[in-house]
Amino acid sequence: MGSLRITVGELLEEKCFEHAKVIPGEKGLVNTVDWVHIMEVTDTGKLLNGSELILTTGVGWRNFRATSIKYLEQLIYAGAAGLCIELVKYANEIPEEMVELANEHNMPIIIFYQEVRFIDITQTVNRQLMNNQYRVLVDLEEFSRKLNHTMLLPNAFKRVLKLISEYLNVQVIYLAKSSEETIFVPLQHEIEKMDMIEIVNKHKGKRVVNRNKQFIAADGSYVGQSVQALDHKFAELIIFPKYKKVTEYELLVLDRCTNAISQDLVRFFYIEEQRKQKEQQWVYEWLNGEYKTEEIRQYLSSIDSKIKPQGAVVCICRLNQLIEDSKHSYFLAIFRNVLQKHGYFLISLCDQKQFIFVLINQRSLSDWKKRLEKALNHIKQLDLFKESKSDHALFGVGKMKVNIEALSESYSTAKEALQIQNQARLKDEIFYENLHIYRLVSKLSETVDLDDYVNEYLGAVIDYDEAHSSQLLYTLQVFLESNGSKNEAAKRLFVVRQTLYHRLDKLKELLGEDFMESSKRATIEFSLHAYHYNNPSINMPQSTINQL
């Protein structure tokens, strides 16, 4: 593999350095040399870009000891790779303070004790740089060929991570949003993984971003690039360079690998989208009753051979806002994980505001409702919808069907449960089977004018409340819920019994003396539910009458 890196140590192997000697800063022999520069002025100012090998004779240094230390400090601050000094005409030794400063900052000082032709050094370095540039182009072309070949292989994504690690001899991290999807190549122990993640997070706010939108840690410990597809960031591809200064070549390789992974993601999403469309079409046909039991079992087996249906139920989740397509997978992953823990295999359909879940029951039917309720309550507690700017969601659960061929009924009852909740503003009752009388109210509302029906039985009470700002309708509701117990009704209404007696007398006057007789009472109770169904915005407390 080619490299743009030429180190100080590699240059010392050249013939023009055969009589040179490194005094201090030997740890800096790994410093990268990007250029060689002759500099006799004592004030470097902004003349350097960094990574230069500086050549000097010390000519013009009036006070060699004081000037040399100040000169070295400026080179260290500018990020120079090393300093070459000819100790022949103008000086014959290096001050001890200069040696200590060079060792402290890993700045190699190369001494020539005899006259040397600086032009030979500059020609040598420039020739090396040009040769390396050529090798880099050749190697980059070879790497691109290997990369293209790798992209055609199965599981190309992980193969690319391995390729970049072996080619650059670096540690690679595919840092995904989820720790479960984060990949280390080569694989590391847990403690080492945590250490590397800590290093990444430590420099996150001080990264330097280049023109290709690659980010480099402030201390040079790592460099990375965002993996993006369909205008969405999925992960960061990070490498830890062998030396704490990334080369242009490493940045080029990183860029090509990141783009290759992004293209692979787009290809995966395209294939996955086609698969999902085909799957969704099949599920829609299943919900519409177009398949027999054996066909359904074969399809489920093709998805997961371990599926053993113990009945199935449809659950619809409707959001109050649109959610981005890119977040569908995130939502579904949460739902799937929670529901699986409670004994359900999830098959889903979704659009921008609604998820339709086919829940394949994997456990006993005796507690299916209890388990599903626990799962959905757990999901609500995760603040999942707040993260997506959708502060609440309605759930509608249809009938459990032991015969999975008859799932269309579960689908239609789930839609009806959702419609009833939306109309009556019910939030706590998601199961169609628990909506009881509201199911009857909903059906009747399609053919009967409920307002006329309610007005016939409760109109006098409603008008009285509006005229006198009283609570006779609520008193009636509580009294019926208390099964005619005046003591219990008074306690729930927080009134003395005498006050309740006055209200009951008024109700008898408005509804008739016989309003508690069984047939009339049932009609009045139904009218109360119908009134609440048609007027959910009216502040009329919910109660256990919903469960009658």
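No hydrogens, no waters, no symmetry mates; every other heavy atom, side chains included, goes into these values. Nothing fancy with the numbering, it's 1 onward along the sequence.
- Aromatic pair W368/Y344: ring centres not closer than 6.0 Å.
- Taken to the nearest 0.5 Å, the OG atom of S527 stands 9.0 Å off from the CD1 atom of I462.
- Among all heavy-atom pairs drawn from V338 and H342, the shortest one is O-ND1, 3.0 Å.
- Of the listed residues (R371, K370, R363), just one forms a side-chain hydrogen bond (donor to acceptor under 3.5 Å, both in side chains) with D367, and that residue is R371.
- You'll find the side chain of L493 reaches within 4.5 Å of the side chain of Y474, heavy atoms only.
- V313 places none of its side-chain heavy atoms less than 4.5 Å from the side chain of K401.
- Annotation for I191: atom CD1 does not count as buried by contact number, only 12 or fewer foreign heavy atoms lying within 6.0 Å.
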- Task: Kindly determine whether Y291 and Y299 satisfy ring-ring contact (aromatic ring centres under 6.0 Å, His included), including the steps that lead there.
- Result: CA-CA 10 Å; Y291 294 106; Y299 177 78; 8.0 Å; no
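- Ion pairing between R145 and E142 holds under the 4.0 Å rule for side-chain N and carboxylate O.
- In terms of modelled atom types and a separation under 3.5 Å, the side chain of D264 and the main chain of A260 share no donor-acceptor contact.
- A salt bridge is defined here as a Lys NZ or Arg NE, NH1 or NH2 lying under 4.0 Å from an Asp or Glu carboxylate O, and R521 with E517 fails to meet this definition.
- Rounded to the nearest 0.5 angstrom, N155 CG and L161 CG are separated by 9.5 Å.
- Taking every heavy atom of both residues into account, L163 and L147 meet most closely at CD2-CA, 3.9 Å.
- Contact check for I420 versus S442: side-chain heavy atoms found under the 4.5 Å cut-off.
- A cation-pi contact, defined as under 6.0 Å to the ring centre and within 45° of the axis, links K369 to F431.
- With ring centers used as reference points, Y411 lies 6.0 Å or more from W286.
- What you find for S408 and G289 is that their closest heavy atoms are CB-N, 4.1 Å.
- Residues in residues 439-465 take part in these ring-ring contact (aromatic ring centres under 6.0 Å, His included) pairs, two or more places apart or across chains: Y453-Y457, Y453-F526, Y464-H468.
- Counting only heavy atoms from C-beta outward, the side chains of K162 and E166 approach each other to under 4.5 Å.
- A salt bridge links R207 to E236: one of the charged nitrogens lies within less than 4.0 Å of a carboxylate oxygen.
- The backbone N or O of E409 lies less than 3.5 Å from a partner atom in the side chain of S412, making a donor-acceptor pair.
- Contact between G311 and M400 at its shortest, heavy atoms only, is C-SD, 3.8 Å.
- With hydrogens and angles disregarded, a donor-acceptor distance shorter than 3.5 Å links the side chain of N259 to the backbone of D255.
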- Message: Please evaluate residues F345 and Q340 with respect to the criterion side chain to side chain contact (heavy atoms under 4.5 Å, CB included), reporting the C-alpha separation (whole Å), side-chain torsions for both, the decisive distance (0.1 Å), and the verdict.
- Response: CA-CA 6 Å; F345 183 88; Q340 188 172 358; over 6 Å; no
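- Ring centers of F355 and F357: under 6.0 Å apart, within the cut-off.
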- Task: Would you check, one step at a time, whether the test side chain to side chain contact (heavy atoms under 4.5 Å, CB included) holds for V314 with L287?
- Result: CA-CA 9 Å; V314 175; L287 293 177; 3.8 Å; yes
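- Although no hydrogens or angles enter the test, the distance criterion places a donor-acceptor pair under 3.5 Å between the side chain of N201 and the main chain of I197.
- Note that the CD1 atom of I239 and the CG atom of L254 stand 5.0 Å from one another [nearest 0.5 Å].
- Side-chain contact of Q310 with N361: a donor-acceptor pair under 3.5 Å is absent, judged by distance alone.
- Counting all heavy atoms, side chain and backbone alike, K520 lies closest to G512 at NZ-CA, 4.3 Å.
- Between the side chains of Q423 and Q419, no donor-acceptor pair is found at a separation under 3.5 Å.
- Put simply, NZ on K308 and CG on L300 are 11.0 Å apart, with the number rounded to the nearest 0.5 Å.
- Side-chain contact between V185 and Y174 is absent, with no heavy atoms from C-beta onward closer than 4.5 Å.
- The distance from the CD1 atom of I307 to the CZ atom of R297 is 11.0 Å, given to the nearest 0.5 Å.
- The NZ atom of K146 lies 5.5 Å from the OH atom of Y167; values are rounded to the nearest 0.5 Å.
- Judged purely by atom type and a 3.5 angstrom limit, R503 has no side-chain atom pairing as donor or acceptor with the backbone of T475.
- Of the possible donor and acceptor atoms, one in the side chain of S165 sits under 3.5 Å from a partner among the backbone N and O of V170.
- Across every non-hydrogen atom of R159 and T150, the tightest pair is CB-CG2, 3.4 Å.
- Inter-residue side-chain proximity for K491 and K486 is flagged as unmet; no heavy-atom pair is nearer than 4.5 Å.
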- Task: Please report the C-alpha distance between V227 and K233 in whole Å, then the side-chain angles of each, then the deciding distance to 0.1 Å, and finally whether the side chain to side chain contact (heavy atoms under 4.5 Å, CB included) criterion is met.
- Result: CA-CA 6 Å; V227 178; K233 177 181 173 181; over 6 Å; no
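- You'll find the side chain of C317 stays beyond 4.5 Å of the side chain of Q354, heavy atoms only.
- A distance-only check finds a donor-acceptor pair linking the side chain of N403 to the backbone of E405 [under 3.5 Å].
- For the residue pair D465 and S470, a side-chain donor N or O sits within less than 3.5 Å of a side-chain acceptor on the partner.
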- Verdict with reasoning, N534 to V454, per side chain to side chain contact (heavy atoms under 4.5 Å, CB included): CA-CA 10 Å; N534 272 0; V454 170; 5.9 Å; no
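- In this structure the side chain of S348 never reaches within 4.5 angstrom of the side chain of V358, judged on heavy atoms.
- Figure legend: cation-pi geometry between R439 and Y432, with NZ or CZ positioned under 6.0 Å from the six-membered ring centre and within 45° of its axis.
- Using modelled atom types, one side-chain atom of T523 and one backbone atom of S519 make a donor-acceptor pair closer than 3.5 Å.
- Within the 3.5 Å criterion, the main-chain N or O of K399 finds a donor-acceptor partner in the side chain of T413.
- Between E190 and K193 there is a salt bridge, since at least one side-chain N of the basic residue sits less than 4.0 Å from a carboxylate O of the acidic one.
- S482 places no side-chain N or O within 3.5 Å of a backbone atom of G484 that could act as its donor or acceptor partner.
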